[in-house]
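Hydrogens, waters and symmetry mates are skipped; everything else that's a heavy atom, side chains included, is used.
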Amino acid sequence: MTLDEAKLEVVLSERLATPVKTAAAREPLPAAALTDRESDRLLKFESASRRVEWLTGRAALKRLLAVLGEDEDTSKIDFPCARISLTHSGDCALAVASLAPSRGIGVDLERYRDVHPGVARFFLNDKERCWWSEMDESERSRELLRLWTVKEALFKSHPYNHDTMLADYAVENPAQHTGRARLDGAKAATLRYASLIFPDAMLSAAMCF
């Protein structure tokens, strides 16, 4: 897939009401370009495919940090991060940064695939499942994948997500591709998300305010 970073920045900045920067990568970063700390992290991955995915993510992150004029050592970034988020899908990695103060930012990219209806109960709440179950059957798989990316982006954007689940993040109107969401309880948060549909993929980004 092709991601036009300039257009993506304009659309996401408008829909999230926050200026953002993006950087995409489709090739893994050469291992020789890693810092010592990054090399140590690479050694922890036993799977060759996981190493390639991780290196592609480092390529996107380093491009983004360079644009921001910051230290390109990605080992200094821990997720969830208030300013930066990262996603992978297939051979593509995308890093997104918030240019304005926020509690957190999240992004999720997924190539089109059939999603088993049974997984809806794991990340949609009762209201969201009711809306989804009543829609035309031909659209359910696509919308389920879109809502998956929304929930993943919301989860990533929340700075205290270590004991939350995707279904805890409630979308005000699941039919909207741009809208608000909330997390209730002791770690209450107000969030905003935006979903973009590409010919072969879904992308969602979210901000926690």
Side-chain angles (χ1 to χ4, degrees), residues 1-3 7-8 10-18 20 22 24 53 79-80 85-94 96 98 102-209:
M1 67 174 299
T2 300
L3 293 175
K7 291 182 179 179
L8 195 57
V10 171
V11 174
L12 289 180
S13 296
E14 178 182 346
R15 296 190 183 183
L16 294 175
T18 302
V20 302
T22 67
E53 181 184 75
F79 296 110
S85 186
L86 177 68
T87 183
H88 309 81
S89 186
D91 61 353
C92 183
L94 177 69
V96 179
S98 170
S102 68
R103 294 180 68 190
I105 184 170
V107 64
D108 190 59
L109 175 68
E110 297 288 342
R111 296 294 183 105
Y112 277 132
R113 66 180 189 276
D114 287 331
V115 182
H116 192 283
V119 305
R121 62 190 178 91
F122 293 109
F123 65 94
L124 299 183
N125 60 32
D126 291 343
K127 176 184 174 181
E128 293 159 351
R129 284 201 307 274
C130 182
W131 170 81
W132 171 75
S133 65
E134 291 177 352
M135 69 187 315
D136 190 284
E137 188 171 351
S138 64
E139 300 177 357
R140 287 183 191 172
S141 181
R142 184 191 67 179
E143 284 300 289
L144 196 58
L145 181 61
R146 182 181 66 82
L147 288 172
W148 172 265
T149 66
V150 170
K151 292 301 186 86
E152 282 283 349
L154 292 169
F155 176 83
K156 289 181 177 182
S157 75
H158 190 241
Y160 308 111
N161 62 16
H162 59 278
D163 58 357
T164 64
M165 298 182 294
L166 297 186
D168 294 333
Y169 300 87
V171 176
E172 286 186 355
N173 185 345
Q176 292 182 341
H177 288 203
T178 298
R180 288 192 172 274
R182 72 179 190 280
L183 176 70
D184 296 326
K187 298 180 179 180
T190 299
L191 309 102
R192 185 173 179 82
Y193 70 89
S195 297
L196 305 178
I197 299 178
F198 297 93
D200 57 350
M202 296 273 191
L203 171 69
S204 290
M207 298 292 301
C208 181
F209 299 102

Test item: Leu94 and Val107 side chains (from C-beta on) under 4.5 Å apart, heavy atoms:
yes
Heavy-atom side-chain contact between Asp126 and Trp131 under 4.5 Å
no
Give a yes or no on whether the backbone of [Y] and the side-chain of [X] come within a donor-acceptor separation of less than 3.5 Å.
X	Y	value
Arg192	Arg15	yes
Arg111	Asp200	no
Asn125	Glu128	yes
Trp132	Glu143	no
Tyr112	Phe198	yes
Thr87	Leu109	yes
Lys156	Ser85	no

State, to 0.1 Å, how close [X] and [Y] come at their nearest heavy-atom pair, and which atoms those are.
X	Y	answer
Cys208	Ser102	O-CB, 3.7 Å
Leu191	Leu183	CD1-N, 4.0 Å
Ile105	Ser98	CD1-N, 3.8 Å

I need the single residue from Asp108, Val150, Leu166 that forms a side chain to side chain contact (heavy atoms under 4.5 Å, CB included) with Phe155. Which is it?
Leu166
Quick one: which of Leu16, Val20, Leu86 gives a side chain to side chain contact (heavy atoms under 4.5 Å, CB included) with Val96?
Val20
Quick one: [atom1] on [X] to [atom2] on [Y], what's the gap to the nearest 0.5 Å?
X	Y	atom1	atom2	value
Leu8	Leu3	CG	CG	6.0 Å
Arg129	Phe123	CZ	CZ	10.0 Å
Leu12	Thr18	CG	OG1	10.5 Å
Glu152	Ser157	CD	OG	11.0 Å

Can you tell me if [atom1] on [X] sees more than 12 non-hydrogen neighbours from other groups inside 6.0 Å?
X	atom1	value
Met135	CE	yes
Lys187	NZ	yes
Phe209	CZ	yes

With a cut-off of 3.5 Å and sequence neighbours excluded, list every side-chain donor-acceptor pair involving residues 172-181.
{"residue": "Asn173", "atom": "OD1", "partner": "Ala175", "partner atom": "N", "Å": "3.0"}
{"residue": "His177", "atom": "NE2", "partner": "Arg146", "partner atom": "NE", "Å": "3.4"}

Would you check, one step at a time, whether the test side-chain contact (heavy atoms from CB on, under 4.5 Å) holds for Met202 with Ile197?
CA-CA 5 Å; Met202 296 273 191; Ile197 299 178; 3.7 Å; yes
Could you walk me through whether Val171 and Lys151 satisfy the side-chain contact (heavy atoms from CB on, under 4.5 Å) test, starting with their C-alpha distance in whole Å, then the side-chain angles of each, then the deciding distance to 0.1 Å, before giving a yes or no?
CA-CA 8 Å; Val171 176; Lys151 292 301 186 86; 3.9 Å; yes
As a quick check of understanding, evaluate side-chain contact (heavy atoms from CB on, under 4.5 Å) for Glu14 and Val11, giving each step before the final call.
CA-CA 5 Å; Glu14 178 182 346; Val11 174; 5.9 Å; no
If we ignore angles and hydrogens, is there a donor and acceptor under 3.5 Å between the side chains of Ser195 and Ser204?
yes
Working note: Trp148 + Val115, criterion side-chain contact (heavy atoms from CB on, under 4.5 Å); need CA distance, chi angles, decisive distance, verdict.
CA-CA 10 Å; Trp148 172 265; Val115 182; over 6 Å; no
What salt bridge (Lys or Arg N to Asp or Glu O under 4.0 Å) pairs are there with at least one residue in residues 112-121, not counting sequence neighbours?
Glu110-Arg113
Asp168 and Arg182: CA distance, side-chain angles, deciding distance, salt bridge (Lys or Arg N to Asp or Glu O under 4.0 Å) verdict:
CA-CA 8 Å; Asp168 294 333; Arg182 72 179 190 280; over 6 Å; no
